[in-house]
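Since this is a predicted model, take the numbers as computed values, not measurements. To find a chain, count down the sequence lines: A is the first, B the second, and so on, and within it residues start at 1.
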Amino acid sequence: SQKIEQNSEALNIQEGKTATLTCNYTNYSPAYLQWYRQDPGRGPVFLLLIRENEKEKRKERLKVTFDTTLKQSLFHITASQPADSATYLCALVNPSLYGNNRLAFGKGNQVVVIP
Amino acid sequence: ETGVTQSPTHLIKTRGQQVTLRCSSQSGHNTVSWYQQALGQGPQFIFQYYREEENGRGNFPPRFSGLQFPNYSSELNVNALELDDSALYLCASSFISGQGKDEQFFGPGTRLTVL
């Protein structure tokens with residue numbers, strides 16, 4: 001069965017440093033991968049999408065890489081700020097496989113930015 | 001804010017009861033998906049509705065059912081509630097254009113507690 005793995009341990013990082021999160025998957029061939037941010041008691045908020053034929057995507061202080069050979073995506077937050085403290089979820093999508101854009105989520109990885 | 005609203009915010013039910021959760025999609029969106037998020041887990045796909053028809057279902061029993069209305073609002077119904085149904089229920093709206101962008105906009109969720 002498909003597996004989407006994110007580090008279960010919270011990432012504590014000093015303000016100004018780069019936070020790097022990992023998403024590994026098995027038994028899945030995503031057409032694209034999305035990253036979401038979730039604050040406690042709130043719904044996930046879309047951050048970035050990267051397609052299977054793209055290596056890297058950037059948006060402001062965020063960077064995502066996607067390696068379909070390693071079956072891995074890395075998510076980077078540069079110059080991290082306390083306001084970046086949240087849980088970050090990776091989600092895989094394959095519309096042609098399922099006939100819809102259902103998201104298959106990992107468990108999420110909590111980031112705590114220390115002032 | 002994503003423009004997706006859900007009601008109620010919180011709900012407490014007892015085992016065996018039935019519950020209806022409601023979602024109002026973002027204007028212009030033709031698709032609504034429902035997800036269940038247990039504590040400490042990523043959201044799990046329940047089902048999706050596209051133009052009022054079910055368009056894919058996750059690994060959930062038939063006592064989970066739904067509806068999408070012409071105005072693209074939606075309901076999730078759960079019959080014969082079990083303790084394990086306690087979770088945050090999220091709806092997400094999107095516009096399927098066939099161009100693979102498919103960013104999903106999540107509501108704030110309904111926290112269901114089954115006693």
Side-chain angles (χ1 to χ4, degrees), chain A residues 1-10 21 23-25 28 30-54 57 59 64 66 73 86-110, chain B residues 1-6 9-10 21 23-26 29-51 53-60 68 87-111:
Chain A
S1 60
Q2 63 184 231
K3 244 185 187 179
I4 301 158
E5 293 180 325
Q6 295 185 255
N7 197 337
S8 56
E9 285 186 25
L21 306 179
C23 175
N24 294 299
Y25 60 92
Y28 200 98
Y32 52 93
L33 187 149
Q34 300 182 11
W35 282 88
Y36 286 79
R37 169 186 172 138
Q38 187 173 27
D39 292 285
R42 309 287 293 271
V45 174
F46 173 80
L47 296 174
L48 278 170
L49 178 155
I50 186 165
R51 299 183 201 291
E52 60 180 335
N53 59 354
E54 295 176 321
K57 208 77 170 282
K59 179 182 174 183
V64 173
F66 193 11
S73 174
T87 295
Y88 292 86
L89 297 155
C90 81
L92 278 56
V93 189
N94 191 331
S96 61
L97 177 64
Y98 291 108
N100 58 54
N101 63 349
R102 67 170 69 180
L103 297 168
F105 281 96
K107 280 188 181 181
N109 199 173
Q110 187 182 10
Chain B
E1 298 298 324
T2 63
V4 179
T5 59
Q6 291 187 243
T9 308
H10 296 88
L21 310 181
C23 171
S24 182
S25 299
Q26 191 173 93
H29 284 180
N30 56 16
T31 303
V32 64
S33 302
W34 285 90
Y35 295 83
Q36 179 196 66
Q37 187 174 24
L39 210 57
Q41 303 294 316
Q44 297 293 310
F45 176 76
I46 303 174
F47 44 56
Q48 181 180 92
Y49 279 81
Y50 172 66
R51 293 183 175 176
E53 297 285 331
E54 188 178 290
N55 183 39
R57 188 178 185 94
N59 190 25
F60 281 81
Q68 185 186 30
L88 181 67
Y89 287 85
L90 298 160
C91 84
S93 76
S94 61
F95 182 77
I96 292 183
S97 64
Q99 295 178 11
K101 293 182 181 174
D102 297 351
E103 170 187 343
Q104 297 199 25
F105 296 82
F106 283 83
T110 293
R111 172 70 63 187

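Around CG of B:Asn59, the count of heavy atoms belonging to other residues, nucleotides or ligands within 6.0 Å does not exceed 12. The 12-atom threshold is not exceeded at NZ of A:Lys107, counting heavy atoms of other residues, nucleotides or ligands nearer than 6.0 Å.
A donor-acceptor contact closer than 3.5 angstrom links the side chains of A:Gln38 and B:Gln37.
Here A:Pro44 is the residue among A:Pro44, A:Ala104, A:Cys90 with the most heavy-atom pairs under 4.5 Å with chain B.
In plain terms, the two heavy atoms of A:Gly43 and B:Leu90 that are nearest each other are CA-CD2, 3.8 Å. Considering all non-hydrogen atoms of both residues, A:Leu103 and B:Tyr35 come closest at N-OH, 3.0 Å. Nearest heavy-atom pair across A:Arg102 and B:Arg57 is NH2-O, 3.1 Å. A:Asn101 and B:Ser94 make their closest contact through ND2-OG, 3.2 Å (heavy atoms, listed as atom of the first residue, atom of the second, distance).
A:Leu89 contributes atom CG, which lies 11.0 Å from atom CD of B:Gln41 (distance to the nearest 0.5 angstrom).
Looking at B:Gln48, the atoms closer than 4.5 Å to chain A (heavy atoms on both sides) all sit in the side chain, from C-beta outward.
B:Phe106 and A:Tyr36 have their aromatic ring centers within a separation under 6.0 angstrom.
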